[in-house]
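For reference, the structure discussed in these notes is given below.
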Amino acid sequence: MTPKSVGFKLGLIVAILHLLLVLLTYAAVVHSTSSTAGLAYLPFMFLDAPVLFLGGFLPGGDALMRQPLIVFGGAGSFLWFAIPWLADRLVARIFPNTRRWIRWLAASAVLPAAIFAFVPLSHLSVSRSIRAERPEEIQALLKNPSPGLFAKRTVLEAKELGGICGIHPDPAGGEDGVLVLFHRGVVRLDRDWTETSRVEFADIYYQTVEPVRTAGAFDERFLAYRFFDYAALLGPDGGEIWRAGEKTGQDSPLAGAATGDIDGDGRPEFALYHTYQKGISLHDDSGRLRWTHYANSIDHVVMADVRGNGRQEILMRAGRDFLILDADGTCAAQIPIETDSSGFALVHWPEQSARPNLLLTEDNRIRIVDFDGNDLRELDAPGCRSYGDVVAVPVRFRNGEPPALAVRKNVHPDLAVLYVYTADNRLIHQSVEIRPGGGTPALAAVPAGDSGVERLLVGSGENNQVRLLEYSLD
């Protein structure tokens with residue numbers, strides 16, 4: 001290694017710059033209060049892809065790869081020293097009389113070429129890391145899936161509309177009809193699961209889509225949220241009526257949206273929320289801003305009658321507390337509940353009373369908690385984790401029996417689990433599917449005619465196949 005060589009000098013410069021960037025990033029992450037601060041290391045996952053890929057095969061490599069100063073600061077900086085140095089050595093060996101400026105040019109040109117070459121390797125590293133980090137309980141279930149109690153059949157396939165992000169009863173489609181909401185459109189099914197109509201969203205991919213109701217009935221409009229971008233009210237043809245929440249300046253991006261009738265006038269309102277800085281804002285039916293309530297660390301927002309008084313409120317998780325906001329944006333209640341659950345769902349279970357309960361997901365368990373902070377049920381949930389979206393519904397599989405509880409939970413970037421519990425807390429079904437790219441959990445219970453029995457509908461994205469599945473007892 002010749003200290004005066006072109007490759008040595010260029011490699012030393014690049015390595016020092018790389019190390020400085022790592023140190024600055026590390027300092028920013030350490031002093032940040034954001035739960036997503038670790039995303040600052042994302043560029044290094046591409047720049048140092050060979051280190052991450054090869055390091056994962058070392059004994060204890062998965063733990064070692066979580067040390068950014070060692071991985072990026074040490075090994076990554078050495079990698080970027082070695083790239084121009086080795087390139088220069090190769091040029092000098094093949095063409096010993098090459099002019100010095102050509103060697104500088106060759107050693108410099110290999111740097112962007114290396115970045116381009118590392119991109120596919122970074123994808124392999126991420127995929128391997130995701131598989132390695134799957135919960136042990138889920139890995140065991142993937143190897144030995146349980147046959148389960150339920151008969152399962154596909155009632156709809158529509159890959160061209162993207163994944164399923166919601167399933168809702170459709171008053172216009174008969175008592176057993178449903179609206180199936182996709183990232184790129186909406187399909188209406190009748191009681192025999194025959195498609196009766198379809199709306200497509202003009203090649204726009206929305207993270208969530210929710211039907212809008214006026215005076216309690218679906219009014220053929222949809223509230224659509226585009227990930228970290230904006231929320232839009234869509235008309236019956238899928239065309240945009242208005243949009244709001246677009247990022248300006250240094251604002252944090254929009255994190256989600258919900259709709260409901262918070263003031264009881266029969267017309268819908270729309271709540272848009274940011275995880276940080278801007279809090280939550282309420283917009284009227286024309287998109288005009290009515291008020292803003294500032295809060296920090298907002299994880300999830302729903303609009304529902306959470307107090308059981310016949311009027312809808314806004315319920316949100318802000319930090320460690322659950323806040324209930326009334327029609328003018330005033331905090332009507334602040335409920336401290338100790339939990340690591342990043343999301344939540346509302347369920348009328350175990351009792352089907354007017355006031356719902358909170359469903360919280362934690363490591364290997366699910367808790368049902370009332371709004372006084374009392375634990376009502378604790379359910380065994382192997383492989384469950386505190387992070388990830390969740391939806392839940394009561395479902396009556398047998399007439400005359402108390403309803404079961406079905407829970408659809410994202411437990412990993414590419415895994416979704418379905419749990420089903422009896423009224424006496426027994427876990428009677430657990431199944432897992434691999435969903436490349438993740439997705440929004442979707443679940444609904446729909447009456448099966450006049451039998452008093454309900455059918456469980458589940459949105460599935462297993463193996464990139466977008467399907468609506470029906471679960472029923474044999």
Are R365 and D380 close enough for a salt bridge, meaning some N to O gap below 4.0 Å? no
Assess whether a salt bridge exists between E470 and R455, defined as any Lys/Arg side-chain N lying under 4.0 Å from an Asp/Glu carboxylate O. yes
Under a 4.0 Å N-O cut-off, is there an ion pair linking R408 with E433? yes
Verify, without hydrogens or angle tests, whether D48 (side chain) and L52 (backbone) share a donor-acceptor contact under 3.5 angstrom. no
D299 side chain to G343 main-chain N or O, any donor-acceptor pair under 3.5 Å? no
Check whether more than 12 heavy atoms from other residues, nucleotides or ligands sit under 6.0 Å from atom CD of E136, and answer yes or no. no
Taking N357 for its side chain and W349 for its backbone only, find out whether a donor-acceptor pair lies under 3.5 Å. yes
Would you say the side-chain atoms of S342 pair up with the backbone N or O of S386, donor to acceptor, closer than 3.5 Å? yes
Below 30° counts as parallel, above 60° as perpendicular, anything between as tilted: where do the rings of H283 and W242 land? parallel
With rounding to the nearest 0.5 Å, note down the distance linking OG in S297 to CG in D321. 11.0 Å
Can you list the steps and then say if V417 with I138 is a side-chain contact (heavy atoms from CB on, under 4.5 Å)? CA-CA 9 Å; V417 183; I138 299 301; 3.7 Å; yes
Give a yes or no on whether a salt bridge exists between R396 and E454, defined as a side-chain N under 4.0 angstrom from a carboxylate O. no
R267 atom CZ: more than 12 heavy-atom contacts under 6.0 Å: no
Please determine whether a side-chain nitrogen of the Lys or Arg among R221 and D237 lies less than 4.0 Å from a carboxylate oxygen of the Asp or Glu. no
I want to check a possible cation-pi pair here: R317 against F322, using under 6.0 Å from ring centre and within 45° of the ring axis as the test. yes
Checking side-chain contact (heavy atoms from CB on, under 4.5 Å) for the pair L161/R198: CA distance, chi angles, key distance, verdict? CA-CA 10 Å; L161 295 179; R198 174 182 295 218; 3.9 Å; yes
Between the main-chain N or O of P382 and the side-chain N or O of Q430, is there a donor-acceptor pair closer than 3.5 Å? yes
Step through it carefully: locate the ring centre of Y206, locate the ring centre of F201, and say whether they are under 6.0 Å apart. yes
Under 3.5 Å, is there a donor on one side chain and an acceptor on the other for T339 and E362? yes
I'd like to know whether CD of E195 has more than 12 heavy-atom contacts from other residues, nucleotides or ligands below 6.0 angstrom. yes
Do E269 and T259 have side-chain N/O donor and acceptor atoms under 3.5 Å apart? no
Evaluate the ring planes of F218 and F222, with Trp represented by its six-membered ring, and classify them as parallel (under 30°), tilted (30 to 60°) or perpendicular (over 60°). tilted
Taking atom CZ as the centre, does F371 end up with more than 12 heavy-atom neighbours from other residues, nucleotides or ligands that are less than 6.0 angstrom away? yes
Kindly determine whether L359 and L346 satisfy side-chain contact (heavy atoms from CB on, under 4.5 Å), including the steps that lead there. CA-CA 6 Å; L359 182 143; L346 294 179; over 6 Å; no
CD1 on I434 to CG on L415, rounded to 0.5 Å: 6.5 Å
With a 6.0 Å cut-off (strictly less than), is the heavy-atom count around OH of Y294, excluding the residue itself, greater than 12? no
Point-to-point distance, once rounded to the nearest 0.5 Å, from NZ of K409 to SG of C384: 5.0 Å
Closest non-hydrogen contact found for L457 with V178 is CD1-CG1, 4.0 Å
Checking the side chain of T25 only, and the main-chain atoms of L21 only, is there a donor and an acceptor separated by less than 3.5 Å? yes
To check you understand the geometry: which heavy-atom pair defines the closest contact between D370 and I337, and what is its length? O-CD1, 4.3 Å
So that I can tick it off, tell me whether E220 and R188 are bridged by a salt bridge, with the cut-off set at under 4.0 angstrom between side-chain N and carboxylate O. yes
Are V180 and L189 packed together at the side-chain level, in the sense that at least one heavy-atom pair is separated by less than 4.5 angstrom? yes
Rounded to the nearest 0.5 Å, what's the gap from CG on L379 to CD1 on I366? Could you check? 6.0 Å
Ring centroids only, cut at 6.0 angstrom: are H429 and F150 within range, meaning strictly under it? yes
Salt bridge present between D340 and R320 (N-O < 4.0 angstrom): yes
W193 side, atom CH2; R153 side, atom CZ - distance, nearest 0.5 Å: 8.0 Å
Working to the nearest 0.5 Å, report the span between CG of L47 and CG of L79. 9.0 Å
If we ignore hydrogens and angles and just use 3.5 Å, is the side chain of R355 paired with the main-chain N or O of V306 as donor and acceptor? yes
Salt bridge E313-R307, side-chain N to carboxylate O under 4.0 Å: yes
Nearest heavy-atom pair of A271 and I280: which atoms, and what distance? CB-CD1, 4.0 Å
Go through Q465 and S460 one step at a time and tell me if the side chain to side chain donor-acceptor pair (under 3.5 Å) criterion holds. CA-CA 7 Å; Q465 299 298 313; S460 171; over 6 Å; no
Does NZ or CZ of R243 fall inside the cone over Y230's six-membered ring, less than 6.0 Å from its centre and within 45° of the axis? yes
Charged N to carboxylate O under 4.0 angstrom, R385 versus E137? yes
For residues T214 and D219, is any side-chain donor paired with an opposing acceptor at under 3.5 Å? yes
